[in-house]
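Okay, so here's the structure we're looking at.
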Amino acid sequence: MQTLTIYRTIATEKNILGLVTLSDSRNKVIFNCVSLELPSRDNQKRISCIPPGVYRAYKCQSKSKGLVYLLFDVPNRSEIMIHVGNYSADTQGCILLGRNVGYSDRYEEHYISDSKLTMKSLIDKAETTMFINIK
């Protein structure tokens with residue numbers, strides 16, 4: 001089974017940035033990108049990233065977000081997804097993916113770019129079910 005690994009690298013007051021790899025069942029990297037999550041606030045619903053760990057994820061259609069990966073067995077949380085978005089305001093505890101990291105002087109925070117293209121690339125390369133390993 002494939003594994004999407006998120007290496008959290010930079011944590012600020014507004015968000016957490018990460019490096020992301022998708023590996024096949026033989027541990028060969030077949031895709032990479034960057035991630036953006038909310039900061040750690042004790043796993044509080046809608047305002048915090050989820051705890052590090054290994055989760056199962058399933059590709060599905062969201063009414064509001066399109067094709068997403070839905071994570072299962074997140075402690076004390078539900079409806080955690082990997083979906084399109086560029087800024088902290090685009091998530092309520094979910095994981096956003098993009099190609100590059102930038103900084104917005106207007107919003108005084110980091111953002112990620114090309115999220116729609118990145119999600120499409122992931123969906124094209126990833127299986128329906130995979131592991132998500134957050135470090």
Side-chain angles (χ1 to χ4, degrees):
M1 185 180 295
Q2 293 176 328
T3 301
L4 187 83
T5 303
I6 300 172
Y7 301 92
R8 291 175 172 162
T9 57
I10 298 173
T12 70
E13 292 177 8
K14 298 206 176 182
N15 52 42
I16 297 174
L17 300 169
L19 300 174
V20 180
T21 61
L22 176 65
S23 301
D24 64 18
S25 59
R26 293 175 296 204
N27 210 27
K28 178 183 174 191
V29 174
I30 57 175
F31 174 80
N32 56 53
C33 65
V34 295
S35 64
L36 186 142
E37 301 174 76
L38 292 177
S40 180
R41 296 183 178 121
D42 297 321
N43 197 29
Q44 294 179 65
K45 294 176 183 176
R46 300 186 183 268
I47 63 167
S48 178
C49 65
I50 62 174
V54 178
Y55 306 97
R56 291 178 305 115
Y58 185 81
K59 183 174 21 179
C60 62
Q61 184 73 33
S62 163
K63 290 179 185 177
S64 61
K65 307 286 184 197
L67 277 176
V68 301
Y69 277 90
L70 180 64
L71 280 68
F72 291 93
D73 302 325
V74 177
N76 303 312
R77 301 284 287 278
S78 63
E79 298 181 34
I80 301 297
M81 297 177 272
I82 297 174
H83 65 76
V84 170
N86 299 98
Y87 289 90
S88 299
D90 298 330
T91 180
Q92 294 181 338
C94 296
I95 301 164
L96 310 177
L97 299 182
R99 291 207 194 280
N100 296 297
V101 174
Y103 186 83
S104 168
D105 290 327
R106 179 179 180 190
Y107 296 111
E108 298 179 332
E109 71 171 288
H110 290 95
Y111 65 89
I112 56 175
S113 66
D114 302 314
S115 188
K116 287 181 183 178
L117 291 172
T118 304
M119 264 313 280
K120 183 181 180 329
S121 294
L122 174 67
I123 288 166
D124 289 346
K125 293 178 187 326
E127 298 169 348
T128 301
T129 305
M130 65 179 159
F131 291 114
I132 309 296
N133 186 2
I134 301 175
K135 298 182 175 199

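From a predicted model like this one, the values you see are computed outputs, not experimental measurements.
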Pairwise distance [atom1]([X]) to [atom2]([Y]) - rounded to 0.5 angstrom:
| X | Y | atom1 | atom2 | value |
| --- | --- | --- | --- | --- |
| S88 | E13 | OG | CD | 11.5 Å |
| Q61 | L70 | CD | CG | 12.5 Å |
| I132 | I6 | CD1 | CD1 | 6.0 Å |

Less than 4.5 Å apart, any side-chain heavy atom of [X] and any of [Y]?
| X | Y | result |
| --- | --- | --- |
| I95 | Y69 | no |
| H83 | S62 | no |
| V101 | I10 | no |
| M81 | C94 | yes |

With a 3.5 Å cut-off and sequence neighbours excluded, list the donor-acceptor pairs that the side chains of residues 110-117 form with protein atoms.
from	atom 1	to	atom 2	distance (Å)
S113	OG	N100	N	3.4
S115	OG	G85	N	2.9
S115	OG	G85	O	3.1
S115	OG	L97	O	2.7

[X] with [Y], same ILVMFWY side-chain cluster at under 4.5 Å:
| X | Y | result |
| --- | --- | --- |
| M1 | V54 | yes |
| L67 | M119 | yes |
| V68 | L38 | no |
| L36 | I80 | no |
| L96 | Y87 | no |

Okay, side chain of [X], backbone of [Y]: is any donor-acceptor separation there less than 3.5 Å?
| X | Y | result |
| --- | --- | --- |
| Q44 | R41 | yes |
| K59 | M130 | no |
| N43 | P75 | yes |

If I compare all heavy atoms of T5 with all of T3, which pair ends up nearest, and what's the gap?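 Smallest heavy-atom distance, with atoms named: OG1-CG2, 3.6 Å.
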Looking only at non-hydrogen atoms, find the nearest pair between C49 and R8 and report the distance.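 It is CB-NH2, 3.7 Å.
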If you count every heavy atom of other residues, nucleotides or ligands that lies below 6.0 Å from [X] atom [atom1], does the total exceed 12?
| X | atom1 | result |
| --- | --- | --- |
| R99 | CZ | yes |
| F72 | CZ | yes |
| E79 | CD | no |

In a table with atom names and distances, give each donor-acceptor pair under 3.5 Å that connects a side chain of residues 16-34 to protein atoms at least two apart or in another chain.
from	atom 1	to	atom 2	distance (Å)
D24	OD1	R26	N	2.9
D24	OD1	N27	N	3.2
D24	OD1	K28	N	2.9

Examine the side chains of N15 and E37 and answer whether a donor and an acceptor come within less than 3.5 Å of each other.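 The criterion, which ignores hydrogens and geometry beyond distance, is not satisfied for E37 and N15.
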Less than 6.0 Å separating the ring centroids of F131 and Y55?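 Ring centres of Y55 and F131 not closer than 6.0 Å.
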Output, in order, the C-alpha distance, side-chain angles, deciding distance and verdict of side-chain hydrogen bond (donor to acceptor under 3.5 Å, both in side chains) for S104 and E109. CA-CA 6 Å; S104 168; E109 71 171 288; over 6 Å; no
Mind running side chain to side chain contact (heavy atoms under 4.5 Å, CB included) on K125 and Q2 for me, showing each step along the way? CA-CA 10 Å; K125 293 178 187 326; Q2 293 176 328; 5.8 Å; no
